[in-house]
Amino acid sequence: MIADDSGDDVGASNPIRVTGGSSSGTQQYPPHFSSLDLHAMRQDDYPGQLAGFGARDTEGSAGMTEFQYKVVESDYRRYVGKCSEFGNGCTWLIRLSLRQRKGIWEVKRYNGPHTCLATSISSDHRSLDYHVIATFIMPMVRADASVNIKVLLNATAAHFGFRPTYRRVWMAKQKAVAIIYRDWDESYNELPRWVLGVQLTMPGTVAVLKTCPVRVGGQEDESHAYFHRMFWTFPPCIEAFRHCKPLVSIDGTHLYGKYGGTLLVAIAQDGNSNILPVAFALVEGENAESWSFFLSHLRQHVTTQPGLLVISDRHNGIKAALEAPDGGWLPPAAFRAFCIRHVAVNFALTFKGKDARRLLVNAAYAKTEVEFDYWFDIMRSENPAMCDWANRIEYSLWTQYCDQGRRFGHMTTNISECVNSILKGVRNLPVCSLVKATYGRLVELFVRKGREAEAQMGTGQQFSQYLVKCIEANLKTARCFTVTVYDRDNSEYTVAETTPTGSFSLGSYRVSLGSQTCDCGYFQALHFPCPHALACCAYSRLTWQPYVHQVYRLSSVFGVYHMGFTPPIPEGFWPPYVGPTVIPDPSMRRAREGRPRSTRIRTNMDEADPNRPKRCGLCRQPGHTRRSCPQAGRPIGTGGNE
């Protein structure tokens, strides 16, 4: 019997504390909680592993493949087996009969060896179960819990000489994760104690845990409760958002472990274009109730400022939560904007072709009404139905020229997608380890970015590096302008763009330094001087610094990371939890049979970048292919040591 077909629970074995140390000592978390070390994925030796049965010898020949076949007849006196390619280029056959008088089985006929290609013979082995595979892949999973199943499968096949099924390797990875980061089921019951421990470590931490009652035979089991939802954020994140841009991007990402679910994340951005997660939530999925739970606590504890902008996709659950009368997200307290990438994806479902999608995106990015009308007229000439489709969405939700500068130039939820890739490693972990990992990742982020901002302030700089680069680029453009001032207060101007020789004009723009606006739209959209505004400042011998938004100043960037984190208190000193045992909801358990289904709905946003370098399908490293991979070509030992 193959182990992974028996229905055994992956996390049934007792978890092993691999991190060592007593409960009263200094708490040590796996390095994956704060950083990733991908070097382990490229190790050539795996000392201490079990001897590989049927492994390839140093010459590369496979052992124990001669008697891999399919049974075509089997009863109490006859046994016949044939190669799976019998009749298709291979004549391998074995026939046995029972000698009743002697009580033994006798081989009556044997045609061998195999004449088919080695690749046509089954490369699996019944003894290569997921327990053995879990022991082998442990170093790779410990280095990076998000390591791809295909990478683990290829490494296992290269080491043992047999290629297991995708499902078996997936189960092996789940077991390895459970051993390293504790059992999947017990992880849910650790959450209440973690909440008490982190609130003791950092007073002011907000953690809201919601459970559902467990009913057995129509009666409520008061000793157990199902995990339902959880929201958490930390004091440094709450303080940091006060110094970030007045907008927040929200998005959800699926969990990849033994139990399903969705991780909701709220993302902010500082004045140096650094992204910063400010709040998290674990929910059963994206629906109106889960988004309302997340957004209500986000508004109450983190994003308390008025006039904020929320950038998201067009999910109906988000729409219902933001439009709730008591949610605090209605104008003028807050405003909503759509991610143009998601709008373009919906648009492409009706109007095929990249050209149609490009026209819509260009219209959305237009910073002036004139530019918007230009692209919209092209859309109308191509297909009037395109304009009818776009007109069904309020302009302030998807166009930049109608957002009154609230977007700060952010037209998509790319910052959320970027954080999704950063958090991809923790999405493979048990829930309590996932929550702990967010603490460790934020600690690393605050330390690194805080040091960078402090070092820049030490050099006497006043503005972020991002702003300095933008101003330098705008100054180069502002050299071929003709400026005319219209008031004695040096507030109203017109700027004419001319060719380098000054032979003719390329356009004229009105600039108001007092209201910080320009006809080009950049000044009010990005909240720092455009090339035309810089030309006006130079003409009137004014400094451009007063016309830069406060968020771009280094003092604000440093203020984002000024409040640091506290080292976590060891678990032995956490307050005791008194309450029902928190268990996972059985309905969230992934299917036991077959290959695990992907939860990501792929669209044309997932199309590969043609300029992206290709990677090896075996080791996932660039510069070579699977055929020339060093890992595939090296000799394989039987015990992991060469």
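Every heavy atom of this structure was used, including side-chain atoms; hydrogens, water molecules and symmetry mates were not. Positions are given from 1 along the sequence. Being a predicted model, the structure only gives us computed values, none of them experimental.
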**Study point:** Exceeds 12 heavy-atom contacts within 6.0 angstrom, atom NE2 of His315
**Key:** yes
Check your understanding: What are the two closest non-hydrogen atoms of Ile275 and Leu445, and how far apart are they?
Key -> O-CD2, 3.9 Å
Review point. Which pairs pass side chain to side chain donor-acceptor pair (under 3.5 Å) with one or both residues in residues 300-310, sequence neighbours excluded?
Key: none
Exercise for review: Check step by step if side-chain contact (heavy atoms from CB on, under 4.5 Å) holds for Val560 and Cys244.
Suggested key: CA-CA 7 Å; Val560 173; Cys244 292; 4.0 Å; yes
For residues 278-288, tabulate all N or O donor-acceptor pairs below 3.5 Å that involve a side-chain atom, not counting sequence neighbours.
| from | atom 1 | to | atom 2 | distance (Å) |
| --- | --- | --- | --- | --- |
| Glu284 | OE1 | Arg229 | NE | 3.1 |
| Glu284 | OE2 | Arg229 | NH2 | 2.9 |
| Glu284 | OE2 | Asn287 | ND2 | 3.2 |
| Glu286 | OE1 | Trp291 | NE1 | 3.2 |
| Asn287 | OD1 | Glu289 | N | 3.1 |
| Asn287 | OD1 | Ser290 | N | 2.7 |
| Asn287 | OD1 | Ser290 | OG | 3.1 |

**Study point:** Side-chain heavy-atom pair Pro236, Leu442 within 4.5 angstrom cut-off
**Key:** no
Check your understanding: When rounded to the nearest 0.5 angstrom, what is the spacing between OG in Ser433 and CD in Glu190?
Key -> 7.0 Å
Point to revise | Side chain Ser249, main chain Ile267, donor-acceptor under 3.5 Å | key: no
Review point. Is the side chain of Ser556 donor-acceptor paired with the backbone N or O of Gln550 at a distance under 3.5 Å, no angle test?
Key: yes
Practice item. Would you check if the side chain of Arg407 reaches a backbone N or O of Ile311 as a donor-acceptor pair within less than 3.5 Å? Key: no
Point to revise | Close side-chain approach of Trp574 to Leu200, heavy-atom, < 4.5 Å | key: no
Check your understanding: Going by heavy atoms in the side chains, are Asp403 and Ser396 under 4.5 Å from each other?
Key -> no
Study note, to complete from the structure: Rounded to the nearest 0.5 Å, the CZ atom of Phe347 sits from the OG1 atom of Thr350 at a distance of 8.0 Å
Study note, to complete from the structure: Residues passing the side-chain hydrogen bond (donor to acceptor under 3.5 Å, both in side chains) test with Arg448, sequence neighbours excluded, are Glu444
Check your understanding: So how far is it from Ile137 CD1 to Lys173 NZ, rounded to the nearest 0.5 Å?
Key -> 8.0 Å
Review point. Do Lys245 and Gln269 pass the side-chain hydrogen bond (donor to acceptor under 3.5 Å, both in side chains) test, and can you show the C-alpha distance, the side-chain angles, and the key distance before you say yes or no?
Key: CA-CA 6 Å; Lys245 297 175 182 178; Gln269 190 180 52; 3.1 Å; yes
Exercise for review: Grab the two heavy atoms, one from Pro580 and one from Asn189, that are nearest each other, plus how far apart they are.
Suggested key: O-OD1, 4.3 Å
Review point. Hey, does Leu295 have a side-chain heavy atom less than 4.5 Å from the side chain of Leu298?
Key: yes
Study note, to complete from the structure: Taken to the nearest 0.5 Å, the spacing of Ser292 OG from Leu322 CG works out to 9.5 Å
Review point. Tyr439 and Thr205: side-chain contact (heavy atoms from CB on, under 4.5 Å), yes or no, with the steps?
Key: CA-CA 11 Å; Tyr439 191 96; Thr205 297; 5.9 Å; no
Check your understanding: Phe231 versus Leu264: any side-chain heavy-atom pair under 4.5 Å?
Key -> no
Practice item. For residues Met138 and Ile179, determine if any side-chain heavy atom of one lies less than 4.5 Å from a side-chain heavy atom of the other. Key: yes
Point to revise | From CA spacing to verdict: side-chain contact (heavy atoms from CB on, under 4.5 Å), Arg163, Asn154 | key: CA-CA 8 Å; Arg163 190 172 185 85; Asn154 292 328; 3.0 Å; yes
Exercise for review: Flag the pair Tyr181 / Cys432 as yes when at least one side-chain heavy-atom distance between them is below 4.5 Å, and no otherwise.
Suggested key: no
Revision key, fill the gap. d(Ser187 OG, Arg182 CZ) to nearest 0.5 Å is 8.5 Å
Point to revise | Pair Glu454 + Arg451, salt bridge at N-O below 4.0 Å | key: no
Check your understanding: Which atom pair, heavy atoms only, marks the closest approach of Gly450 to Tyr561?
Key -> CA-CB, 3.7 Å
Check your understanding: Between Leu128 and Ile133, does a side-chain contact (heavy atoms from CB on, under 4.5 Å) hold up when you go through it step by step?
Key -> CA-CA 7 Å; Leu128 187 60; Ile133 299 174; 4.1 Å; yes
Study note, to complete from the structure: residues 200-227 vs salt bridge (Lys or Arg N to Asp or Glu O under 4.0 Å), sequence neighbours excluded, gives none
Review point. For Val551 and Phe408, which heavy atoms make the closest approach, and how far apart are they?
Key: CG1-CE2, 4.1 Å
**Study point:** Asn428 CG to Tyr256 OH distance, which is reported to the nearest 0.5 Å
**Key:** 8.0 Å
Point to revise | Close side-chain approach of Val177 and Val141, heavy atoms under 4.5 Å | key: yes
Check your understanding: Can you name the closest pair of heavy atoms from Gly257 and Trp170 and give their distance?
Key -> O-CZ2, 4.0 Å
Practice item. Search all heavy atoms of Val208 against all heavy atoms of His297 and return the closest pair with its distance. Key: CG2-CE1, 3.8 Å
Check your understanding: What residues form a ring-ring contact (aromatic ring centres under 6.0 Å, His included) with Tyr188, not counting sequence neighbours?
Key -> Phe227, Tyr259
**Study point:** Inter- and intrachain pairs under salt bridge (Lys or Arg N to Asp or Glu O under 4.0 Å), touching residues 291-317, at least two apart
**Key:** none
